[in-house]
There are 2 protein chains.
Amino acid sequence: MAEALTELARPRPGIYSRGSETVDSILKAALSVLIDEGAAAFTIRRIAAACGMKVGNVSYHFPRKEMLVQVLLDEIVTNYDVKLEMQVRQPNLSAEERLRLVIKICLDDICGKRTTRLFTELWALANHNDFIADRVRAFYGKVHEVIGEYVSAINPRLSKEEVATVALFISASMEGTTPFLGYQKPWAGDMPAITAISTEWFVRLAKSLEPGEIALMTRRLT
Amino acid sequence: MAEALTELARPRPGIYSRGSETVDSILKAALSVLIDEGAAAFTIRRIAAACGMKVGNVSYHFPRKEMLVQVLLDEIVTNYDVKLEMQVRQPNLSAEERLRLVIKICLDDICGKRTTRLFTELWALANHNDFIADRVRAFYGKVHEVIGEYVSAINPRLSKEEVATVALFISASMEGTTPFLGYQKPWAGDMPAITAISTEWFVRLAKSLEPGEIALMTRRLT
DNA sequence: ACGAAAATTTGATAAATGTCCAGTATTTGT
DNA sequence: ACAAATACTGGACATTTATCAAATTTTCGT
């Protein structure tokens with residue numbers, strides 16, 4: 001089931017302005033269908049219906065369904081990247097305040113319908129679609145970098161690897177709330193308390209971890 | 001898309017022993033297909049092929065595909081429940097050691113192909129299938145109970161709600177490793193370190209949290 | 001070993017899917 | 001305003017899907 005990571009995802013089919021708008025409509029509708037109805041309903045016909053278009057036209061702009069998936073995912077990931085950068089790069093904040101902010105931003109975002117639905121679907125799709133797996137990995141790599149930057153600023157004695165591990169731990173812990181406390185999930189009401197614990201304890205972890213301590217703990221465990 | 005939570009999931013069609021074995025084969029094959037090929041390949045035909053059977057026979061034992069899904073999920077959840085109970089109820093351990101053990105068991109389990117693949121699929125399916133959402137919720141409810149039991153033993157001053165919140169935090173944090181550090185996931189190699197941090201810091205959280213502190217932190221955050 | 005119940009095979013059904021193409025309409029540079 | 005490039009329509013195509021029913025084989029209490 002190895003996907004072709006090559007030149008499948010062309011820039012954009014549209015050249016005339018009308019075509020460009022149509023492509024936008026299709027992508028928007030495709031995202032809506034994925035979020036509102038799930039991957040099983042992610043069908044050329046449903047997408048066409050969702051943006052009031054004929055099947056043939058969608059097929060004209062995206063001759064292969066896989067193209068649509070790839071262009072859509074690239075757009076989604078880019079949007080998240082931009083949003084993350086914009087929201088996080090606030091001036092006049094200490095490293096600790098920045099880390100708190102990032103944690104709050106991530107958890108607030110997870111509460112939204114879009115993120116809750118989209119990423120649970122992507123995690124599943126990544127199991128058997130190498131392209132999706134690759135993009136999801138790249139996206140979270142950036143998230144880890146941002147978190148790691150602040151962890152490193154809070155605790156400069158930590159090595160690069162230790163910072164990466166702490167960032168991974170914080171990120172994974174936060175993302176884990178998605179299927180449980182995300183949009184309309186069973187424990188969604190507990191998100192404020194979990195956010196509070198997260199900000200407090202992840203900052204505490206970043207502050208108080210000693211260089212070499214992770215290796216020590218790991219060795220002790222096995 | 002509201003599912004009928006009623007009497008769809010009959011006990012078992014099989015009456016003759018051969019039929020029983022066939023049903024078992026079907027369920028086993030269905031799980032294999034879901035894990036090895038994903039929800040998109042979860043098809044009567046693929047399942048039939050996976051257990052060397054004719055499509056009509058699978059259809060005879062499970063006249064509706066949704067029946068197969070429901071019986072399969074019930075069996076899966078029951079198996080996990082039993083496994084959890086067995087592994088966790090070790091004698092001669094302190095509450096703290098038990099909590100460490102539960103954390104280690106959960107994270108080790110997440111590393112396996114079965115759990116990594118299965119639960120990412122279930123989280124996605126739960127978005128639009130009420131039956132699956134219900135069973136997944138029930139399962140994690142039990143996990144939280146087990147964790148909460150030990151948290152409560154470690155820190156008896158915490159209220160029931162506080163214990164539940166801490167258990168939810170620990171559980172969600174652990175489950176969050178699935179799409180990142182699970183089977184063949186990008187950061188799978190970091191699981192030992194993450195396990196070490198998890199056991200150490202989740203126990204520390206359970207120990208040191210003061211009654212009323214969660215409410216305080218939550219209020220301070222907003 | 002007989003016979004009814006259960007299991008299995010075989011083949012068919014309608015519906016839905018991705019892809020394609022001939023023809024028509026629209027857009028855009030000139 | 002013209003012509004070429006682009007966009008869109010309508011319909012078709014072969015596959016694949018879940019479900020079903022008649023005919024056959026197997027099972028198992030008697």
Side-chain angles (χ1 to χ4, degrees), chain A residues 1 3-4 8-30 33-34 37-73 125 128-129 131-132, chain B residues 1 3-4 8-30 33-34 37-73 125 128-129 131-132:
Chain A
M1 192 62 61
E3 308 291 327
L8 257 180
R10 297 180 300 157
R12 268 308 187 63
I15 292 185
Y16 287 2
S17 75
R18 182 168 175 193
S20 250
E21 287 169 26
T22 300
V23 169
D24 283 343
S25 304
I26 294 172
L27 290 171
K28 200 170 171 181
V33 170
L34 183 58
E37 309 180 41
F42 193 82
T43 284
I44 302 291
R45 284 174 161 76
R46 292 224 197 201
I47 293 167
C51 55
M53 250 183 242
K54 303 297 174 182
V55 177
N57 201 21
V58 176
S59 230
Y60 166 73
H61 288 286
F62 297 96
R64 316 267 134 212
K65 194 186 177 186
E66 188 63 18
M67 285 182 187
L68 172 54
V69 171
Q70 298 187 0
V71 173
L72 178 62
L73 190 52
L125 294 173
H128 304 96
N129 183 320
F131 179 87
I132 294 180
Chain B
M1 195 59 63
E3 308 290 328
L8 257 179
R10 297 179 300 159
R12 271 303 186 65
I15 292 187
Y16 287 2
S17 75
R18 181 166 176 193
S20 252
E21 286 169 27
T22 299
V23 169
D24 284 342
S25 303
I26 294 172
L27 291 170
K28 200 170 171 181
V33 170
L34 184 58
E37 309 179 41
F42 193 82
T43 284
I44 302 291
R45 283 176 160 72
R46 291 226 198 197
I47 293 166
C51 56
M53 245 180 248
K54 302 297 174 183
V55 178
N57 202 21
V58 176
S59 230
Y60 166 73
H61 288 286
F62 297 96
R64 315 270 133 211
K65 194 185 177 186
E66 187 64 19
M67 286 182 187
L68 172 54
V69 171
Q70 298 188 0
V71 173
L72 178 61
L73 189 53
L125 294 173
H128 304 96
N129 183 319
F131 179 86
I132 294 181

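Chain identifiers are assigned alphabetically (A, B, ...) following the order of the sequence lines, protein sequences preceding nucleic acid strands; residue numbering begins at 1 within each chain. Being a predicted model, the structure only gives us computed values, none of them experimental.
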Point to revise | Spacing of Met53(B) atom CE and Ser59(B) atom OG [to the nearest 0.5 Å] | key: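 Output value for this atom pair is 12.5 Å.
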Practice problem: With rounding to the nearest 0.5 Å, note down the distance linking NZ in Lys65(B) to CD1 in Ile44(B). | Solution: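 Rounded to the nearest 0.5 Å, the NZ-CD1 separation comes out at 6.0 Å.
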To the nearest Å, how far apart are [X] [atom1] and [N] [atom2]?
X        : N       : atom1 : atom2 : result
Met67(A) : dC20(C) : CE    : C1'   : 14 Å
Glu66(A) : dT19(C) : CD    : C1'   : 15 Å
Met53(A) : dT9(D)  : CE    : P     : 8 Å
Phe62(A) : dC8(D)  : CZ    : P     : 12 Å

Quick one: which of [options] gets closest to the side chain of [X]?
X        : options                   : value
His61(B) : dA7(C), dT19(D), dT19(C)  : dA7(C)
Thr22(A) : dA7(D), dT19(D), dA6(C)   : dA7(D)
Ser59(B) : dT19(D), dT17(D), dT10(C) : dT19(D)
Val55(A) : dC20(D), dT19(C), dA7(D)  : dT19(C)
Arg64(B) : dC20(D), dA18(D), dT19(C) : dC20(D)

Find the bend of the helix from dA1(C)-dT30(D) to dT30(C)-dA1(D) as the angle between its two terminal axes (five pairs each), to the nearest 10°.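 Taking the rotation axis at each end, their angle is 30°.
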Original post:
Hey, does the side-chain of Arg45(B) have a donor or acceptor N/O within less than 3.5 Å of a partner on the base of dA18(D)?
Top reply: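 Yes.
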Taking C-beta and beyond as the side chain, do [X] and [Y] meet within less than 4.5 Å on heavy atoms?
X        : Y        : result
Val23(A) : Phe62(A) : yes
Leu68(A) : Ile47(A) : yes
Tyr16(B) : Thr22(B) : no
Leu72(A) : Phe42(A) : yes

_Residue-phosphate contact under 4.0 Å: Tyr60(B) side-chain N/O, dA7(C) OP1/OP2_ =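 For dA7(C), OP1 or OP2 has a side-chain N or O of Tyr60(B) closer than 4.0 Å.
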Restricting to non-hydrogen atoms, name the atom on [X] and the atom on [Y] that form the minimum distance, rounded to 0.1 Å.
X         : Y        : result
Leu125(B) : Ala39(B) : CD2-CB, 4.2 Å
Glu37(A)  : Arg46(A) : OE1-NH1, 2.8 Å
Ala29(A)  : Ala50(A) : CB-CB, 3.9 Å

message: Using a 4.0 Å heavy-atom cut-off, does Lys54(B) contact any base of the nucleic acid, only the sugar-phosphate backbone, or nothing at all?
response: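 Result for Lys54(B) = base.
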N/O contacts under 3.5 Å, protein versus nucleotides 28-30 of chain C?
| unit_1 | atom_1 | unit_2 | atom_2 | d |
| --- | --- | --- | --- | --- |
| dT28(C) | OP1 | Ser17(A) | N | 3.3 |
| dT28(C) | OP1 | Ser17(A) | OG | 2.9 |

